[in-house]
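Structure record follows, encoded as structure tokens.
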Amino acid sequence: MRRTLSSRYNKPGLAPGTPIHIGERRTESTKITVFEYDASHVQERQLGSVEECGECKDSKGVVWINIDGIHDISVVETVGKIFGIHPLVQEDIVNTNQRPKVEEYDSYLFAIVKMLSEEQYSSALQAEQVSMIVTPRIVISFQEKEGDVFDPLRERLRTGKGTVRQRGSDYLAYCLIDAIVDHYFLIMENLEDRILPLEEQVIDDPQPRVLQSIHHLKNDLVFLRRSLWPLREMLARMDRDRLPLIQEDTRPFLRDVHDHTIQIIELLESFQEILSGLMDVHLTSISNRMNNIMKLLTVIATIFIPLTFVAGVYGMNFKYMPELAWRWGYPAVLGLMVLIFIGMLIFFKRRNWL
Amino acid sequence: MRRTLSSRYNKPGLAPGTPIHIGERRTESTKITVFEYDASHVQERQLGSVEECGECKDSKGVVWINIDGIHDISVVETVGKIFGIHPLVQEDIVNTNQRPKVEEYDSYLFAIVKMLSEEQYSSALQAEQVSMIVTPRIVISFQEKEGDVFDPLRERLRTGKGTVRQRGSDYLAYCLIDAIVDHYFLIMENLEDRILPLEEQVIDDPQPRVLQSIHHLKNDLVFLRRSLWPLREMLARMDRDRLPLIQEDTRPFLRDVHDHTIQIIELLESFQEILSGLMDVHLTSISNRMNNIMKLLTVIATIFIPLTFVAGVYGMNFKYMPELAWRWGYPAVLGLMVLIFIGMLIFFKRRNWL
Amino acid sequence: MRRTLSSRYNKPGLAPGTPIHIGERRTESTKITVFEYDASHVQERQLGSVEECGECKDSKGVVWINIDGIHDISVVETVGKIFGIHPLVQEDIVNTNQRPKVEEYDSYLFAIVKMLSEEQYSSALQAEQVSMIVTPRIVISFQEKEGDVFDPLRERLRTGKGTVRQRGSDYLAYCLIDAIVDHYFLIMENLEDRILPLEEQVIDDPQPRVLQSIHHLKNDLVFLRRSLWPLREMLARMDRDRLPLIQEDTRPFLRDVHDHTIQIIELLESFQEILSGLMDVHLTSISNRMNNIMKLLTVIATIFIPLTFVAGVYGMNFKYMPELAWRWGYPAVLGLMVLIFIGMLIFFKRRNWL
Amino acid sequence: MRRTLSSRYNKPGLAPGTPIHIGERRTESTKITVFEYDASHVQERQLGSVEECGECKDSKGVVWINIDGIHDISVVETVGKIFGIHPLVQEDIVNTNQRPKVEEYDSYLFAIVKMLSEEQYSSALQAEQVSMIVTPRIVISFQEKEGDVFDPLRERLRTGKGTVRQRGSDYLAYCLIDAIVDHYFLIMENLEDRILPLEEQVIDDPQPRVLQSIHHLKNDLVFLRRSLWPLREMLARMDRDRLPLIQEDTRPFLRDVHDHTIQIIELLESFQEILSGLMDVHLTSISNRMNNIMKLLTVIATIFIPLTFVAGVYGMNFKYMPELAWRWGYPAVLGLMVLIFIGMLIFFKRRNWL
Amino acid sequence: MRRTLSSRYNKPGLAPGTPIHIGERRTESTKITVFEYDASHVQERQLGSVEECGECKDSKGVVWINIDGIHDISVVETVGKIFGIHPLVQEDIVNTNQRPKVEEYDSYLFAIVKMLSEEQYSSALQAEQVSMIVTPRIVISFQEKEGDVFDPLRERLRTGKGTVRQRGSDYLAYCLIDAIVDHYFLIMENLEDRILPLEEQVIDDPQPRVLQSIHHLKNDLVFLRRSLWPLREMLARMDRDRLPLIQEDTRPFLRDVHDHTIQIIELLESFQEILSGLMDVHLTSISNRMNNIMKLLTVIATIFIPLTFVAGVYGMNFKYMPELAWRWGYPAVLGLMVLIFIGMLIFFKRRNWL
């Protein structure tokens with residue numbers, strides 16, 4: 001997020017529907033893995049070329065084709081041709097600046113979700129676009145690079161744990177979205193771990209670096225919200241529009257993941273309010289510090305400036321200064337100074353400055 | 001709230017619908033109490049094991065099964081099996097991070113509410129999740145730990161006061177929700193008792209500790225609102241959707257408790273505005289103080305620095321300084337100093353600085 | 001408002017629908033006055049006991065029963081029994097924490113409005129709850145204490161001015177609401193009289209006391225809005241829902257009083273924005289003052305500190321300081337000091353600091 | 001606006017529908033002008049008394065009766081009697097605190113719009129209420145005083161330019177509203193001319209007077225918005241509700257004037273955001289200035305206070321201070337002072353303070 | 001934007017529907033170019049006079065008439081006459097202050113869009129109004145001056161790339177809007193390039209010039225939003241209202257460009273939040289700097305003022321000051337001074353001020 005927000009949208013005058021890869025090139029080669037399964041068996045393999053996808057159309061069970069790497073436009077175009085996908089959808093898959101959304105087409109659903117991760121060393125947030133084509137029997141998912149949050153799902157597919165093997169492609173699509181949304185909770189926890197220590201620092205030790213942390217966290221939340229609001233909207237639509245591809249008994253699960261996004265958004269809004277509050281507290285803390293600094297300066301100056309003045313008076317070189325010749329002049333002046341000093345101390349004590 | 005907001009949601013890739021306890025483990029053993037009643041009699045007992053719940057299905061009156069302690073997943077699963085409860089509902093019961101909500105299933109209603117309490121010594125707010133299954137004759141309530149706000153209701157059940165014994169399970173569910181919502185008013189009163197003294201402190205004595213109190217109160221309100229808004233929504237839905245399990249003459253009561261949540265939310269929003277105002281007042285008060293500090297410093301410095309300069313001039317050791325030898329030099333300089341002093345006092349008096 | 005916002009809601013576990021007085025006890029005895037009128041005659045009397053209300057049911061004209069003092073629950077319960085009023089309504093009448101609202105029951109309308117007044121000496125706002133039961137021929141109004149804004153209406157009833165005597169109970173209820181809403185304008189005028197002088201003070205003389213006034217006014221507006229928004233909503237509902245008890249030709253009058261509440265709310269929002277603006281102006285004014293204070297300090301220090309240094313140099317006691325013995329040393333140093341002084345003055349003049 | 005916002009609403013307990021003039025009395029006498037026209041001819045005259053209005057009812061063409069001065073209630077009451085106007089409408093006409101609105105009655109439309117103008121010398125905004133009664137053939141407009149924005153329309157009526165003479169009373173009403181709305185653009189331009197110079201002042205020379213200007217402009221915008229939002233709402237309703245008095249081919253014109261109000265409101269909101277921004281910039285500029293002032297003070301103090309201390313040390317009168325007797329003591333101390341001075345300069349140069 | 005916001009709307013009392021050019025005069029002569037095309041051929045020419053447009057009505061393919069320069073009202077009036085365009089539409093075309101909108105007329109659609117560009121040297125944003133008339137076979141587009149973002153589209157028309165040549169006038173209109181919206185992304189990227197460097201400057205080096213940049217960027221965003229929100233609304237309407245002129249298979253493309261505007265608006269809102277955050281950070285950074293300045297001043301003053309006082313004491317000229325005569329007086333005082341100095345250093349070290 002700290003680098004670019006709009007991540008460079010440059011399509012100068014291309015015909016609409018021309019797929020062109022926009023975004024960072026994140027992987028070298030394209031990797032295609034296929035899961036074919038039904039209640040009784042499961043088969044997992046890796047395809048050598050995109051063209052082999054066509055064979056999956058004749059499979060009897062549910063098929064999940066996962067494609068890592070979308071910078072190679074020909075891959076998407078080939079898949080598009082095989083499964084009859086609208087050119088605009090192809091364009092959306094390769095342009096990684098899309099908002100999460102769901103679109104209904106005659107024979108398939110098209111959904112885009114953002115999968116979040118944190119960079120290893122900095123804790124900068126990164127979004128990876130996951131696009132899904134859902135047909136009655138096949139789910140095709142496109143990712144920008146290898147490495148995702150679907151491994152537990154793959155394990156469930158292999159072992160047959162849970163009910164995923166008994167259900168259709170709509171449930172598989174739900175499982176993918178659910179895995180992504182569940183991962184958001186982890187992101188939220190990490191954010192919270194970064195916010196909570198700031199609460200104390202901001203009052204005890206309001207350093208500029210705290211300010212920077214608050215600012216970065218705020219921007220991270222702005223970034224997160226841009227992924228989350230459309231996601232919520234999209235899941236609400238999937239529930240509300242009663243899409244024919246979604247079976248009736250998958251609906252409660254979609255409602256459940258919808259509830260999760262609402263929960264995350266409410267957490268996010270709480271974080272935002274807390275950070276706004278922290279910013280105010282920070283500013284006020286700084287003003288408080290300033291007051292303390294100024295109090296010290298004022299106390300010192302107010303006590304010693306008059307004393308110095310008195311010393312200055314008796315440092316004058318006039319010939320006729322009777323006090324100077326007086327035997328007790330020096331002790332008397334010292335006494336006066338001590339009196340002024342004590343008087344000032346009492347004055348500041350009363351004002352609660354010391 | 002001060003500790004964690006997201007209270008750790010960690011379900012790494014489990015199959016959806018797998019109940020897993022999420023939240024603090026708040027009690028050692030699970031305790032199950034059962035009330036069976038109708039207009040004429042009432043029976044109260046404690047069950048030894050969850051399996052005995054099954055017998056309640058054949059009871060003729062209304063049955064209230066209250067279960068304290070949900071960390072033991074097998075309890076919830078057993079209840080789920082006996083009463084035919086959807087796996088997602090079971091998952092929601094044991095995951096204490098749910099938002100308040102109501103869901104309609106074929107043969108039962110499922111509702112989640114947050115019961116608030118304040119910690120004994122700190123006044124930190126704590127939320128406990130109360131889940132309810134409402135069937136036409138049975139209400140099953142799940143709490144995280146023993147100790148709740150239902151004792152007066154239990155008393156009414158035992159003594160037959162009020163109309164609760166004459167009515168069905170929907171009215172019992174209403175009574176549970178009503179007891180929880182009524183308790184929110186107490187929480188609000190306590191919050192108010194913490195806010196009101198701040199109003200004076202913030203103007204008279206703007207200490208950093210005031211700032212901290214305001215900040216904590218603000219976060220408490222953020223926390224409260226996250227429980228309240230979904231509750232309001234849920235009660236609005238219960239009124240609007242005309243759920244078949246809710247009888248017609250229970251409806252005005254639901255509308256009444258709905259009104260109460262609106263009242264609480266409006267109070268909450270008033271509190272939030274007052275606290276925001278206090279924050280501004282605090283910041284401005286600090287600036288005001290700063291002005292006073294600087295005024296004092298400026299008055300002292302502006303009066304004594306020129307005087308010290310004059311003394312310095314006559315402290316120079318030039319051979320030929322006619323004033324030094326002059327008989328009235330010393331009194332004249334002292335007089336000049338007094339004049340400067342008085343002149344400055346008048347100047348600052350006119351500017352209203354003294 | 002300055003005292004309590006939630007005005008203590010303490011109903012620990014009572015059965016719903018149990019009337020219990022909540023709020024300040026504001027009057028000693030309960031006073032019941034009855035107006036019976038039709039187009040041709042009017043009769044006004046005071047009842048000795050609540051039970052006599054029953055006789056009004058057989059009156060031929062329109063009847064207005066006004067009850068001052070609701071702390072005596074038995075009064076409300078007796079009225080409730082005579083006119084067949086729902087227990088929840090009775091509870092709402094005696095609990096003075098209700099929001100303004102209108103509820104439709106089979107044979108009557110129930111409305112709650114807040115009547116505002118200002119305390120005599122402080123200008124603190126006070127709200128009194130006025131509840132109304134409107135049946136086709138009878139209006140029963142409950143007030144917390146004697147003294148209200150209905151005297152002009154009573155006068156119109158007595159003298160037959162206006163059309164109120166020709167119309168039914170719905171028009172009478174409208175007149176009561178209209179009188180209350182009209183009184184809000186007076187409150188707004190008084191608020192404005194408190195806001196306008198602040199505008200000048202805040203720029204010319206930003207004292208902490210101004211800050212306090214702004215803060216109190218803001219809280220008063222928060223308090224007012226809590227009465228006004230539900231009132232607006234309630235009047236909108238009365239217009240929109242086409243309640244059968246409201247006759248067709250009373251409707252334009254309701255729309256008129258609805259317009260008035262919108263006007264008041266818009267005024268209120270203007271006041272809020274002006275006060276927010278004043279707060280900002282106040283803070284900025286203080287910063288401006290600070291700048292002026294610091295400028296003065298800096299000018300004085302910057303001029304005299306170097307001069308004092310020069311004097312200090314020639315106050316040193318070195319044996320071999322040729323300048324000291326020089327005939328023109330003293331005048332030269334004095335001249336140098338004057339030059340520095342004038343140079344500084346020019347410097348600050350150029351920077352526009354003097 | 002600077003004077004009163006609520007412009008005194010004092011109707012203590014009058015019967016609803018009693019017309020009473022509220023607002024400033026802005027003209028001495030009431031002036032009634034009548035335009036009668038159709039496509040082929042036009043007649044313009046001034047009526048001596050209100051009663052003559054009755055004759056217009058028999059006119060064959062379209063009639064526009066314009067009445068300047070509404071403080072004389074009898075005028076409005078007479079017009080009300082002649083044209084059968086609801087008492088509440090009469091009350092609204094003479095009460096100049098109304099919000100812009102449109103109301104449909106059986107035989108006429110009633111519309112209220114605010115005509116804005118700027119005071120000649122100050123640029124304070126003034127609103128004048130223009131009420132319109134639109135019947136199928138007659139438009140009656142009421143203004144508070146003489147002088148309006150309708151002269152170009154009168155010219156078009158006299159000369160027959162444009163299509164107004166070919167069209168009905170609904171188009172005439174549209175023309176009146178359009179003239180008023182077009183005048184708002186002028187007001188906006190003048191506001192802009194007051195805002196733009198502030199942009200520079202606020203950064204280059206943040207004087208308190210700038211603060212005052214921003215504050216006054218903000219209040220002017222609050223005032224403007226209170227006229228504009230209801231106007232927009234009213235025009236939206238006229239378009240949406242398909243009022244029978246509005247002919248089909250007048251509708252695009254209403255939509256056009258509706259678009260204009262939206263444009264004005266968007267301008268207004270832009271102005272508000274710019275002013276808010278300016279307020280922030282102003283506050284920050286002041287802080288920046290403060291920093292510069294403090295830097296100067298700190299530089300001077302930090303350089304000369306140590307130097308003065310050194311001079312003070314050698315001004316001490318100890319008998320045995322070997323340096324004092326040393327031949328090169330004085331030049332050595334002067335050299336030390338120069339070194340300190342230069343060192344400090346370098347230090348501040350490095351910190352970019354000079 | 002920096003110059004004028006309302007760009008002078010001066011139409012003092014003209015009849016509605018009178019076209020009058022409002023806006024800057026941006027080109028000398030009017031230039032009319034025509035594309036006639038169908039799937040098989042394309043013809044491109046430049047017209048000598050407006051009247052020749054009439055011939056296009058008989059063309060068999062799709063015709064795109066592009067007119068650069070609208071200050072010459074007769075051109076628009078002539079086109080209006082030839083194609084039967086409503087006078088209000090003509091007025092809107094020449095008045096460059098319109099909001100983006102779409103209006104449906106009997107035989108054509110009328111759409112207004114704002115084409116943005118950046119000035120070459122300053123990066124000030126400029127908006128140019130593009131109006132379109134879409135009939136079943138003809139698209140007429142009006143621009144304020146030559147130079148636009150349509151060149152790639154022209155190239156596609158000439159070469160037959162993409163599907164534009166196979167489709168109708170509605171698709172051509174979509175292509176024009178799409179080209180304009182795509183260009184907004186470029187604008188956003190440039191804005192981002194101006195925002196990102198501020199993030200660092202604001203913490204490391206909070207100069208007034210940064211403040212100015214933030215303020216200008218904020219105003220640019222206000223300006224942008226005024227073009228974007230109505231555009232979004234307009235595209236939503238085109239999708240929702242199922243305008244008969246838009247063919248079914250063009251609809252997905254409109255939805256796509258609608259998605260793009262939402263994306264841009266979300267980016268815009270992110271930018272706004274980031275800038276608001278930056279403003280806060282800037283203010284806090286300045287306060288932080290102030291603290292550091294004051295710390296330095298306080299450290300220096302607090303160390304040297306007491307030392308100077310001590311020196312002053314022993315600079316007094318009393319006859320009887322035993323210390324002065326003491327052999328070790330001078331070293332003892334110097335030692336005392338060093339002790340005070342070191343003590344102070346330790347004190348400030350502990351407070352973390354050094």
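Chain naming here is simple, since letters A, B, ... match the order of the sequence lines and numbering starts at 1 in each.
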* **Verdict with supporting geometry, C:F347 and D:L296, side chain to side chain contact (heavy atoms under 4.5 Å, CB included)** => CA-CA 12 Å; C:F347 172 78; D:L296 178 64; 4.1 Å; yes
Side chain / backbone / both / neither for [X] at chain D, heavy atoms under 4.5 Å:
{"X": "C:S285", "value": "both"}
{"X": "C:Y171", "value": "side chain"}
{"X": "C:Y314", "value": "side chain"}
{"X": "C:Y184", "value": "neither"}

* To do: Decide yes or no for D:E103 and C:P252: does some side-chain heavy atom of the first lie under 4.5 Å from some side-chain heavy atom of the second?
  => no
* Tell me, do D:I293 and C:R351 make a side-chain contact under 4.5 Å, heavy atoms counted? -> no
* Asked: More than 12 foreign heavy atoms under 6.0 Å from CZ of C:R350: is that the case here?
  -> no
* What distance do C:I274 atom CD1 and D:N219 atom CG have between them, rounded to the nearest 0.5 Å? -> 4.5 Å
* Report the distance from atom CD1 of D:I300 to atom CZ of C:F309, rounding to the nearest 0.5 Å. => 12.5 Å
Contact origin within [X] toward chain C - heavy atom pairs under 4.5 Å:
{"X": "D:V333", "result": "side chain"}
{"X": "D:Y105", "result": "side chain"}
{"X": "D:P87", "result": "neither"}
{"X": "D:W328", "result": "neither"}
{"X": "D:M279", "result": "side chain"}
{"X": "D:L88", "result": "side chain"}

Specify the closest pair of heavy atoms between [X] and [Y], including all atoms of both residues, with the distance to one decimal.
{"X": "D:H215", "Y": "C:G277", "value": "CE1-C, 4.0 Å"}
{"X": "C:F318", "Y": "D:G329", "value": "CE2-C, 3.5 Å"}
{"X": "D:A311", "Y": "C:M316", "value": "O-CG, 3.3 Å"}
{"X": "D:I286", "Y": "C:S287", "value": "CG2-CB, 3.7 Å"}

Specify which of [options] makes the most heavy-atom pairs with chain D at under 4.5 Å.
{"options": "C:D151, C:V164, C:T308, C:D259", "value": "C:D259"}
{"options": "C:M321, C:K295, C:K319, C:M294", "value": "C:M321"}
{"options": "C:K161, C:E155, C:M290", "value": "C:M290"}
{"options": "C:V202, C:V149, C:L278, C:L283", "value": "C:L278"}
{"options": "C:I305, C:L297, C:V281", "value": "C:V281"}
{"options": "C:Y174, C:F253, C:Y320", "value": "C:Y320"}

* Which residue pairs satisfy the salt bridge (Lys or Arg N to Asp or Glu O under 4.0 Å) criterion with at least one member in residues 272-291 of chain D, sequence neighbours excluded? -> D:E273-E:R225
* Identify which of D:K101, D:K218, D:E323, D:R327 forms the greatest number of heavy-atom pairs closer than 4.5 Å to chain C. => D:R327
* To do: Applying side chain to side chain contact (heavy atoms under 4.5 Å, CB included), name anything that partners D:Q212, two or more places apart in sequence or on another chain.
  => C:I203, D:H216
* Check step by step if side chain to side chain contact (heavy atoms under 4.5 Å, CB included) holds for C:V313 and D:Y330. => CA-CA 10 Å; C:V313 164; D:Y330 179 52; 4.2 Å; yes
